[in-house]
Number of protein chains: 2
Amino acid sequence: MSKPGQQVISRLRQMILSGELESGQRLAEIPTAEQLGVSRTPVRIAFRNLEQEGLLTKLSGRGYMVRQVTQAEISGSIEVRGVLEGLAARQAAENTLSRSQTAELLHLLKQGDELFAKGHITEQDLAIYHDMNQRFHQVIIEASLNPAIAEALSRNEHLPFASVSALAFDRNNLAQEYRRFNFAHMQHHAVFDAISHGQGSRAEAIMREHANATHGYAKIFSQMEESGEKMHVLNNVNATM
Amino acid sequence: MSKPGQQVISRLRQMILSGELESGQRLAEIPTAEQLGVSRTPVRIAFRNLEQEGLLTKLSGRGYMVRQVTQAEISGSIEVRGVLEGLAARQAAENTLSRSQTAELLHLLKQGDELFAKGHITEQDLAIYHDMNQRFHQVIIEASLNPAIAEALSRNEHLPFASVSALAFDRNNLAQEYRRFNFAHMQHHAVFDAISHGQGSRAEAIMREHANATHGYAKIFSQMEESGEKMHVLNNVNATM
DNA sequence: TTTGTCTATATTGGATCCAATGAATAAAAA
DNA sequence: TTTTTATTCATTGGATCCAATATAGACAAA
């Protein structure tokens, strides 16, 4: 996957998600190509791919712009993620987990427990939690044995703030964030319990509600808009997608 | 949208969904370009777009092939469609429909009623039902005011047999098909009733179950595999997407 | 002063050219 | 006869060239 063309896509995706390219900013082929040190061809292809991913929107005849995401769209995306991951949890429960999946989920749960055992949380802890959380969700989606779920999620996954791959938190209020993420992690336990007991409906309901834990991010996001850079965003971009 | 480049994409999509290009068939850039009377450039772009749509899969270094869709994948897609359209119905109910949306849905319901009033159904009727059905679902998705739903569906929409845009039926058993589609249409009535009374949960449950009416298609699909061309597929390709 | 039209320029889309890469086949050696 | 290696050929990816187009700016007229 280290082909130059793929790298252009990854790089642009990264620049958008990290905010290096501002939302609403216009993007033309030639300057972008020069900036990345390639010709227009791979940039053209990348723009079209990113448009399909929903990160860029086409302006008629004048290239592309970084998609403007409204708070309503973020909320909508989170709802969508909720039902899709809820379905994944249900189907995972109906299929029963493999031995290795059970082991990995248990390991991830334990990893989270250790973070919260201290009674407080640091930024570094949140980075670890972030990776753990992302993997936890991924395992369940895999365990659903329904590839259409991952496909349907792929759009949302690339939307900043709506995906599990983005985690926002308030640097100045880590005590509150401790409670928020601790609660989310308890839901992880509940989901695992439901899945491993074959309780599909229960697993679905918890997972769907669990997505709402992300709604907190959206709130924080809008706060950031006003009071400028009060909070922090971790973003794991999956370069292989 | 009648730009030549867009037409290449639409044409290829059409050829794939109609079966003109067989599932699993390898597709190279040069022959395809010659066949369509364009250069390689628009074809290259089209291939990548269609790959993201899930209609083509990339073979390492040797171009693309028409995606093989297993029956399990179709079932999975239908489940996904169920939860997404279920969510759409719920949110439509929570938002309350606009005047024009209500009018259009009522019109579509009536249109369907007239088809089934005769007590039997013809192939031509099914073509009308197909358009009506597609529009009915589309209006509800719009009424959800959640653009993420349509985005998440877009992948599935392009999968043959899993989308509302494809309708399969058994030509030789129209009496049975009458009962199947009549039942599906009664669900349309129930969904509308729930939405217009603001009953979000009910609307969601009915819509989710309604997706399973499509499962019949999947069964028919596998029958076709065996006994060859016993059934018929209507496919409305949305060329503007 | 404002509006409409025309022209010039910026920019995308398509075609073609060249390089890189991987697969297939043929030839040679074991 | 089989396996391994080398060479050729098919095919994709990137760069550049050319044409089509739309926007912006300038100039003229009302």
Side-chain angles (χ1 to χ4, degrees), chain A residues 1-16 20-68 237-241, chain B residues 1-16 20-68 237-241:
Chain A
M1 295 298 154
S2 56
K3 290 271 182 63
Q6 287 299 315
Q7 283 191 343
V8 172
I9 298 181
S10 298
R11 182 85 188 88
L12 284 173
R13 188 184 291 136
Q14 210 172 19
M15 288 169 77
I16 294 168
E20 193 174 338
L21 294 173
E22 281 175 34
S23 176
Q25 182 175 340
R26 173 158 172 255
L27 236 50
E29 289 178 6
I30 297 175
T32 309
E34 281 173 3
Q35 192 185 344
L36 298 181
V38 293
S39 86
R40 277 179 53 216
T41 310
V43 174
R44 276 165 67 182
I45 289 173
F47 279 5
R48 282 177 179 74
N49 276 3
L50 294 173
E51 186 197 6
Q52 261 191 326
E53 278 182 17
L55 287 179
L56 295 181
T57 54
K58 192 186 178 76
L59 339 159
S60 64
R62 290 256 118 173
Y64 293 82
M65 66 177 250
V66 180
R67 175 172 176 185
Q68 308 253 29
V237 180
N238 191 343
T240 64
M241 285 192 63
Chain B
M1 294 299 153
S2 57
K3 289 271 181 62
Q6 288 299 315
Q7 283 192 342
V8 171
I9 298 182
S10 298
R11 182 83 189 92
L12 284 173
R13 190 185 290 137
Q14 210 173 18
M15 289 168 78
I16 294 169
E20 192 173 338
L21 294 173
E22 279 175 36
S23 176
Q25 182 176 340
R26 173 158 171 255
L27 235 50
E29 289 178 7
I30 297 175
T32 309
E34 282 173 3
Q35 191 185 345
L36 298 180
V38 293
S39 85
R40 278 178 53 215
T41 310
V43 173
R44 276 164 66 180
I45 290 174
F47 279 5
R48 282 177 180 74
N49 276 5
L50 294 171
E51 185 197 7
Q52 260 190 328
E53 278 182 18
L55 287 178
L56 296 180
T57 54
K58 194 187 177 74
L59 339 158
S60 63
R62 291 259 117 174
Y64 293 82
M65 66 178 250
V66 180
R67 175 172 173 183
Q68 310 253 29
V237 180
N238 190 343
T240 66
M241 286 191 65

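Each chain gets a letter, A, B and so on, in the order its sequence line appears, and its residues count up from 1. As the structure is a computational prediction, the values presented were derived from the model and not from experiment.
- Residues satisfying the side-chain contact (heavy atoms from CB on, under 4.5 Å) test with A:S23, not counting sequence neighbours, are A:Q68.
- Annotation: the terminal axes of the helix from C:dT1-D:dA30 to C:dA30-D:dT1 meet at 10°, where each axis is the rotation carrying the C1' atoms of four end pairs onto the next four (5 pairs per end, rounded to 10°).
- Taking atom CD of residue A:Q6 and atom P of nucleotide D:dG14, one finds them 9 Å apart after rounding to whole Å.
- Residues A:T32 and A:A28 approach most closely at OG1-O, 2.5 Å, considering heavy atoms.
- The shortest non-hydrogen separation linking B:V66 to B:L56 is CA-CD2, 3.8 Å.
- Here the shortest heavy-atom pairing between B:A33 and B:S39 reads CB-O, 3.6 Å.
- Atom CZ in A:R40 sits about 12 Å away from atom C1' in D:dA19, given to the nearest Å.
- Distance, B:R62 CZ to C:dG22 C1': 6 Å, rounded to whole Å.
- The salt bridge (Lys or Arg N to Asp or Glu O under 4.0 Å) contacts involving residues 20-36 of chain B comprise B:R11-B:E20, B:E29-B:R40, where partners must be two or more places apart or lie in separate chains.
- Atom CD of A:Q35 sits about 4.5 Å away from atom CE of A:M15, to the nearest 0.5 Å.
- Here the CG atom belonging to A:L12 is positioned 6.5 Å from the CG atom belonging to A:L27, to the nearest 0.5 angstrom.
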Full working for side-chain contact (heavy atoms from CB on, under 4.5 Å) between A:M65 and A:T57: CA-CA 6 Å; A:M65 66 177 250; A:T57 54; 3.3 Å; yes
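- Within the 4.0 Å cut-off from OP1 or OP2 of C:dG14, not a single side-chain nitrogen or oxygen of B:S39 is found.
- One finds no side-chain N or O of A:K58 lying less than 4.0 angstrom from the OP1 or OP2 phosphate oxygen of C:dT11.
- Summarising the geometry, the separation between CE on B:M65 and P on D:dT11 is reported as 17 Å, rounded to the nearest angstrom.
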For a quick test of your reading: what N or O donor-acceptor pairs under 3.5 Å do the side chains of residues 45-52 of chain B make, sequence neighbours left out?
residue: B:R48; atom: NH1; partner: B:R44; partner atom: O; Å: 3.2
residue: B:Q52; atom: NE2; partner: A:N49; partner atom: O; Å: 3.3

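- Following rounding to the nearest Å, A:L59 (CG) and C:dT12 (P) show an atom-to-atom distance of 9 Å.
- In this entry the distance linking CD1 of A:I45 with C1' of D:dT16 reads 15 Å, nearest Å.
- Counting only heavy atoms from C-beta on, A:T41 has its side chain closest to D:dT16 among C:dG14, D:dT16, C:dG13.
- Across residues 21-36 of chain B, B:R26, B:A28, B:E29, B:I30 each have a non-hydrogen atom less than 4.0 Å from an atom of DNA chain D (numbered order).
- Using a 4.0 Å cut-off, no side-chain N or O of B:R44 falls inside it from OP1 or OP2 of D:dT11.
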